[in-house]
Amino acid sequence: MHSHPPKQAELPFAIVEGKPVSTPPEDLYIPPQALEVFLDTFEGPLDLLLYLIKRQNLDILDIPIAEVTRQYMEYVEMMRTIKLDLAAEYLVMAALLAEIKSRMLLPRHEETEDEDDPRAELVRRLQEYERFKQAAENIDELPRDRRDHWSSNVEAVREQKETPQPDVELHEILLAFKDILMRADMSISHEIQRESLSVRERMSNMLALLKTDSFVEFHSLFTLEEGRMGVVVTMIALLELLKEKLADIVQSEPYAPIYIQAAQQATD
Amino acid sequence: MQAEQLKKTLDAILLSAEKPLPVDKLIQYFRPEDVVNSNDIREALTTLEEETRERGFELVRTASGYRYKTREEYKQWVSRHWEEKPKKYSRALLETLALIVYRQPITRAEIEEIRGVAVSSHIIKTLQEREWIRIIGHKEVPGKPAMFGTTRQFLDYFNLKTLNEMPPLAEIQDIDKLYPELDFKPQNNEDNKEQEEQQNSRASEQ
Amino acid sequence: MQAEQLKKTLDAILLSAEKPLPVDKLIQYFRPEDVVNSNDIREALTTLEEETRERGFELVRTASGYRYKTREEYKQWVSRHWEEKPKKYSRALLETLALIVYRQPITRAEIEEIRGVAVSSHIIKTLQEREWIRIIGHKEVPGKPAMFGTTRQFLDYFNLKTLNEMPPLAEIQDIDKLYPELDFKPQNNEDNKEQEEQQNSRASEQ
């Protein structure tokens, strides 16, 4: 890939194919918030270029490269002022456009006769991309399971027999979890490390016990036989549930019994 | 809606339904402009019942509603759906299970966030049918998503008294030492590629 | 087995099956004493297809075999089984899928080259988990990148028997042939290359 700096795009516009570059710059102003949304609609530099070309009904085989380059650069500049993490591909394309433009400006000598149209490769890529863009739309329109039709779900009346279930070894679950940890950010794995399993399990059990329409007395959540550790685990689990707003704690007046209930559902 | 169209629409609904549907549920499938009342539906169901007489299935009405079922007399053939060897669980299923084990209570969205891909309903359903996971509440956020946790059956299957007996994280990182007999390939970070391949081959085994 | 009984048995089997079943799988549902051969099955399937014409569902054949599904015209009612709207796939995912469909076997780098942007691992993983694509080999270049292809499940999902039923790719117009007056260069070398490319693309479109 050639790597001319994008500033070459600021070269004066050329007469392309005997015609002067016609249209004055279109109204390119887009409010910043809208621009982000707008940007998300492009699948990359080729998609953006296609948009610029189609929007003005330009012939893809005979792109007024100076004009398109100018517009492309305006978009890229806008993107850069708003979005710092503009994909590098956009800048590579900017450099490529600048290079094509400068090559178009070169007078064609006898020696350079065997040279291709500087735009040929770009046009080929644009067309290639465009046909898969179209193919993607076609795929989206194909009748699709669970959107346009549903498979039959008729209940099977069958003989009473145990159906075999796959066997799973404990280490398979551990292995799966290890893979997740390796993929997940460090932050996530730290978070996982912090919470002990017994608290998590206690949270689950407690949640299953709690109901939204009745109260459970605070003391009844604790099993003293479990000893100090057990009580602490229960307390932490309860605090976690309160923190995550999964449970509510209610006390009608000071020193009155404390009750716990599952968090109220706002609707239904 | 014309009787004929109503009948076929009900046919399609009943064929694809996952559970029995009573008339008052069936009527909710139609919009006001369809102009369908419960009598229309009952009539259409009667017609469907008649038209299904010569087929391998029948329209059955149970306490909870109408349901298409295969006919009793074909059960010995229909039962062969389940005669194959049990398949292996997919990588996606095992990872989902692992997250529910270690991060319960956890919502589907939270699982998806950590795994980076959508969790199929099929996986949740399989785990629920196996009675390894269950819904233990609903999170107080918009949409009130279900939160999942593991069950006693899960512990029983793996011979655990409590979840605390699951190996802690530190040991998972060193899983090769935990199960030396399994002879894992080296799986450090540099071996990402190999690991990815293993995952792929595992995924395709299901 | 009598033709009538065979037909109804197949009806029950297909209606309750979880996935499409080809004739050679269907035949395994019968015991030797049932005396059923694949021709009997094919005939019965034809009869079932005819007898299902007036219903809200239809018998279709996809890459992996036969299955019953609801007719498309009832989708707006049937879709009310589920509260959530069917998932929309992103353009990035669909474009990646399109490239794998039409250009398989294809590496991730090749997809990126045509799309002009990086392909996220997330997309590849989603496609793999949906079992629409799989790794079908590794390219003999440095790094041995994986090459992707589509699966039978992909065809099933989109109701196709073979990839041939996919809509054809648009033609590529040739810049030099349309603008001969530009006459930038002697045409031979380039033309050969272009032709070769077209042939390649045609070959992979099979």
Side-chain angles (χ1 to χ4, degrees), chain A residues 17 40-49 59-62 87-90 92-93 108 112-158 183, chain C residues 12 14-20 57-58 60 67-72 74-75 78-79 81-82 86-89 91-99 101-103 112-118 156-160 166-167 169-176 178-179 182 184-186 189-190 194:
Chain A
E17 305 316 332
D40 284 340
T41 66
F42 290 116
E43 287 297 324
L46 289 171
D47 200 23
L48 174 55
L49 270 181
D59 185 346
I60 196 170
L61 295 178
D62 190 20
E89 291 95 342
Y90 282 94
V92 172
M93 177 59 73
R108 256 180 275 114
T112 58
E113 216 178 52
D114 59 336
E115 223 177 78
D116 210 345
D117 183 330
R119 300 170 300 179
E121 172 63 14
L122 179 64
V123 168
R124 190 194 63 75
R125 285 183 64 191
L126 280 170
Q127 285 194 305
E128 184 78 344
Y129 172 69
E130 191 184 18
R131 65 207 296 232
F132 285 103
K133 187 179 161 177
Q134 181 61 49
E137 284 166 23
N138 293 343
I139 288 180
D140 203 24
E141 278 165 21
L142 288 175
R144 182 190 292 178
D145 201 23
R146 296 209 135 227
R147 184 188 68 181
D148 303 305
H149 51 73
W150 284 261
S151 293
S152 78
N153 220 340
V154 169
E155 189 175 323
V157 173
R158 51 168 151 154
R183 285 205 311 270
Chain C
L14 286 167
L15 283 162
S16 56
E18 276 172 4
K19 48 181 196 282
F57 56 94
E58 61 191 327
V60 290
R67 74 158 170 225
Y68 279 121
K69 64 172 192 62
T70 62
R71 287 181 197 271
E72 241 181 281
Y74 307 110
K75 68 176 174 185
V78 172
S79 60
H81 283 319
W82 298 271
K87 240 190 160 168
K88 276 200 155 186
Y89 292 107
R91 270 184 60 201
L93 182 137
L94 288 166
E95 286 181 13
T96 305
L97 179 61
L99 276 157
V101 169
Y102 288 95
R103 280 290 153 81
E112 292 178 341
E113 196 180 307
I114 296 177
R115 291 194 60 233
V117 282
D156 288 342
Y157 190 82
F158 290 99
N159 271 312
L160 305 165
M166 292 289 298
L169 272 186
E171 294 272 316
I172 280 217
Q173 292 169 292
D174 194 327
I175 187 171
D176 306 306
L178 278 179
Y179 289 83
L182 295 179
F184 277 110
K185 52 158 181 79
N189 283 343
E190 259 315 296
E194 190 81 27

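Below, each value reflects all heavy atoms present in this structure, side chains not excepted, and no hydrogens, waters or symmetry copies. A, B, ... follow the sequence lines: proteins, then strands. Residue 1 opens every chain.
Contact check for C:M166 versus A:I139: side-chain heavy atoms found under the 4.5 Å cut-off. Considering only heavy atoms from C-beta on, C:Y102 stays 4.5 Å or farther from A:R131 through its side chain. Here the side chains of C:K69 and A:D145 are not in contact, with every heavy-atom distance at 4.5 Å or above. Between A:H149 and C:N159 there is a side-chain heavy-atom pair separated by less than 4.5 Å.
Around CD of C:E18, the count of heavy atoms belonging to other residues, nucleotides or ligands within 6.0 Å does not exceed 12.
Between the CD atom of A:E43 and the CG atom of C:L94 there is a distance of 9.5 Å, given to the nearest 0.5 Å. To the nearest 0.5 Å, the span separating CZ on C:F158 from CG on A:D140 amounts to 7.5 Å. Note that CZ of A:F132 is 11.5 Å distant from CG of C:L97, once rounded to the nearest 0.5 Å. The CD atom of C:E95 lies 8.5 Å from the CD atom of A:E137; values are rounded to the nearest 0.5 Å. A:R144 CZ to C:Y89 OH: the interatomic distance, rounded to the nearest 0.5 Å, is 6.0 Å. In this structure, OG in A:S151 is found 12.5 Å from NZ in C:K19, a value given to the nearest 0.5 Å.
Neither the backbone nor the side chain of C:E58 comes within contact range of chain A; no heavy atoms are under 4.5 Å apart. Contact annotation for C:F57: neither backbone nor side-chain heavy atoms come within less than 4.5 Å of a heavy atom of chain A. With a 4.5 angstrom heavy-atom cutoff, C:A12 does not touch chain A via any of its atoms. For C:R67, the part lying under 4.5 angstrom from a heavy atom of chain A is the side chain only.
Contacts of A:D47 classified as side chain to side chain donor-acceptor pair (under 3.5 Å), with partners at least two apart in sequence or in another chain: A:K133, C:R91.
Contact count versus chain C (heavy atoms, under 4.5 Å) is highest, among A:A136, A:G44, A:A135, for A:A136. Interface remark: of the candidates C:T96, C:D156, C:L14, C:I114, C:I114 forms the most heavy-atom pairs closer than 4.5 Å to chain A. Between chain C and the options A:R146, A:M93, A:E130, the largest number of non-hydrogen pairs under 4.5 Å is found for A:R146.
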